[in-house]
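So the structure is just underneath, and the comments pick up after that.
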Number of protein chains: 2
Amino acid sequence: MATLDLSPISDVFRHQGYNGASLSMIAEAVGLKRASLYHRFPGGKQEMAEAVLADVREYFLINVVGPLHSNESPADRLIQAIDGIRIFYRDGRKSCLIDVLSLGEPAALFRPYISELIAAWTDAMTVVSRDSGHTEVRARQLAEESLIRIQGALVVSRSMMASDVFTRVLDSLPDHLLA
Amino acid sequence: MATLDLSPISDVFRHQGYNGASLSMIAEAVGLKRASLYHRFPGGKQEMAEAVLADVREYFLINVVGPLHSNESPADRLIQAIDGIRIFYRDGRKSCLIDVLSLGEPAALFRPYISELIAAWTDAMTVVSRDSGHTEVRARQLAEESLIRIQGALVVSRSMMASDVFTRVLDSLPDHLLA
DNA sequence: CCATATTTACCGAACGTTCGGTAATTTGAT
DNA sequence: ATCAAATTACCGAACGTTCGGTAAATATGG
């Protein structure tokens with residue numbers, strides 16, 4: 001059986017975007033020939049991207065959204081979630097699929113997946129912020145703001161090749177999000 | 001003669017990314033045949049992107065950086081700059097070349113241009129923040145933070161197709177940046 | 001008429017995808 | 001446990017299309 005490891009494919013999409021990610025790159029990344037990819041993904045490139053998105057979704061539910069909903073203290077929950085985020089983005093060295101897959105005409109194919117991902121993430125941050133003492137409305141504002149800062153930090157640190165920008169934003173999250 | 005209008009090319013790059021922007025798309029956008037582009041841009045696709053970046057740079061220097069350095073009040077300066085930003089990004093409906101051109105392997109070609117653009121922008125916001133009463137160090141922090149929030153808002157509002165996210169961030173800029 | 005601008009026609013390479021076929025593995029009946 | 005049958009995994013070669021780019025021919029304006 002040996003279900004294929006999706007993270008090399010994820011890396012290609014995150015680094016190249018959807019259009020920029022060629023099947024040759026993907027095949028080389030997973031150690032298969034181009035044709036063999038169609039055994040694992042009969043739906044072709046689009047199915048590969050969808051599989052990667054599902055994989056990312058699972059990671060986020062387990063390592064970010066899950067911790068944010070636990071019954072520990074808001075501060076502890078947020079610390080765990082931040083760790084999950086930091087690891088996922090490799091300290092800001094890896095781009096975000098939300099960013100990268102929302103470009104060009106292929107974006108339409110993934111909008112539903114991406115919207116759901118953003119919603120789950122924002123909701124979870126809203127919960128931990130509210131639990132720390134903020135009103136529901138304020139908590140939602142702060143959660144949205146946090147998502148924006150994370151995405152912005154990823155763009156800026158990538159375009160300047162300075163990953164400390166991302167690290168700094170992550171470290172400041174508790175102060176921004178919690179009462 | 002009639003020097004070519006670069007904004008259609010800019011739009012293609014911003015919507016599709018560098019890899020995703022094909023010469024066919026660009027040719028159609030400017031109303032020329034593919035081959036004719038090589039009369040205007042002997043350097044090919046890369047020269048087109050560089051020309052667009054130079055065009056963007058000029059816009060920013062005139063409509064964003066310039067106003068931020070004027071001798072009006074910091075609040076008035078910032079308002080003018082925000083207008084320049086809002087128009088440039090069409091209320092968040094258009095992506096940022098800084099984001100889009102820092103993806104994939106072609107990113108290396110544009111890193112110098114992009115770094116300079118970011119530096120000029122950040123410096124200008126630092127000036128207006130310092131002039132409003134903040135210390136140099138704090139002003140620089142806030143300027144960097146503002147750039148991050150703008151870039152993040154562009155990503156989020158694009159991926160959710162909700163341009164109000166971007167508008168809200170722009171409107172909140174004076175409160176964040178000025179003392 | 002001349003030069004510049006634009007076009008048509010074309011190139012090799014890479015694209016995503018399909019297909020026929022071959023190892024390798026799993027299954028099922030003995 | 002054995003061995004043929006069936007299934008799974010993978011590959012090489014080729015498909016038609018589009019890519020970025022070039023050369024030769026035509027159109028346009030001074």
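Here the structure is a predicted model, which means the values were calculated and not measured. Labels below follow one simple rule: chain letters A, B, ... track the order of the sequence lines, proteins then strands, and each chain is numbered from 1.
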Go through [options] for me and flag the one nearest to the [X] side chain.
| X | options | answer |
| --- | --- | --- |
| A:Y38 | C:dC19, C:dA9, C:dT17 | C:dT17 |
| A:S22 | D:dG20, C:dG16, D:dC19 | C:dG16 |
| A:A35 | C:dT17, C:dT18, D:dG21 | C:dT18 |
| A:H39 | D:dA23, C:dT18, D:dC10 | D:dC10 |
| B:R40 | D:dG21, C:dT7, C:dA5 | C:dA5 |

Please state how far atom [atom1] in [X] lies from atom [atom2] in [N], giving the value in whole angstrom units.
| X | N | atom1 | atom2 | result |
| --- | --- | --- | --- | --- |
| B:R34 | C:dC10 | CZ | P | 14 Å |
| A:K33 | C:dT22 | NZ | C1' | 16 Å |
| A:M25 | C:dG16 | CE | C1' | 13 Å |
| B:E28 | D:dG20 | CD | C1' | 17 Å |
| B:L32 | D:dA27 | CG | P | 17 Å |
| A:L37 | D:dC11 | CG | P | 10 Å |
| B:L23 | C:dC10 | CG | P | 20 Å |
| A:E105 | D:dT18 | CD | P | 12 Å |

query: Would you call A:R77 and A:E72 a salt bridge, using N to O less than 4.0 angstrom?
result: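 So A:R77 does not pair with A:E72 through a salt bridge.
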query: Less than 4.0 Å between a side-chain N and a carboxylate O, is that true for A:D123 and A:R130?
result: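 No, A:R130 and A:D123 are not salt-bridged.
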- request: Could you tell me whether the side chain of B:Y18 and the main chain of A:G20 form a donor-acceptor pair under 3.5 Å?
  value: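 No.
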- prompt: Think B:K45 has a side-chain N or O under 4.0 angstrom from the OP1 or OP2 of D:dG20?
  reply: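 Yes, such a contact exists.
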- prompt: Is B:S24 near enough to D:dT18 that one of its side-chain N or O atoms lies under 4.0 angstrom from OP1 or OP2?
  reply: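 No, B:S24 has no side-chain N/O under 4.0 Å of OP1/OP2 on D:dT18.
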message: Categorize B:A21 for me: base, sugar-phosphate, or nothing, with a 4.0 angstrom heavy-atom threshold over every strand shown.
response: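 Counting heavy atoms under 4.0 Å across all strands, the contact made by B:A21 is with sugar-phosphate only.
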- request: Scan B:S36 against the nucleic acid and name what it touches under 4.0 Å (heavy atoms): base, sugar-phosphate only, or nothing.
  value: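 B:S36: base contact, heavy atoms under 4.0 Å.
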field: Of all pairs that satisfy ring pair (Phe, Tyr, Trp, His ring centres under 6.0 Å), the ones with a partner from residues 151-179 of chain B, not counting sequence neighbours
entry: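 Listed once each, the pairs are B:Y89-B:F166.
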query: Does a donor on one side chain and an acceptor on the other come within less than 3.5 Å for B:R158 and B:S95?
result: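 The criterion, which ignores hydrogens and geometry beyond distance, is satisfied for B:S95 and B:R158.
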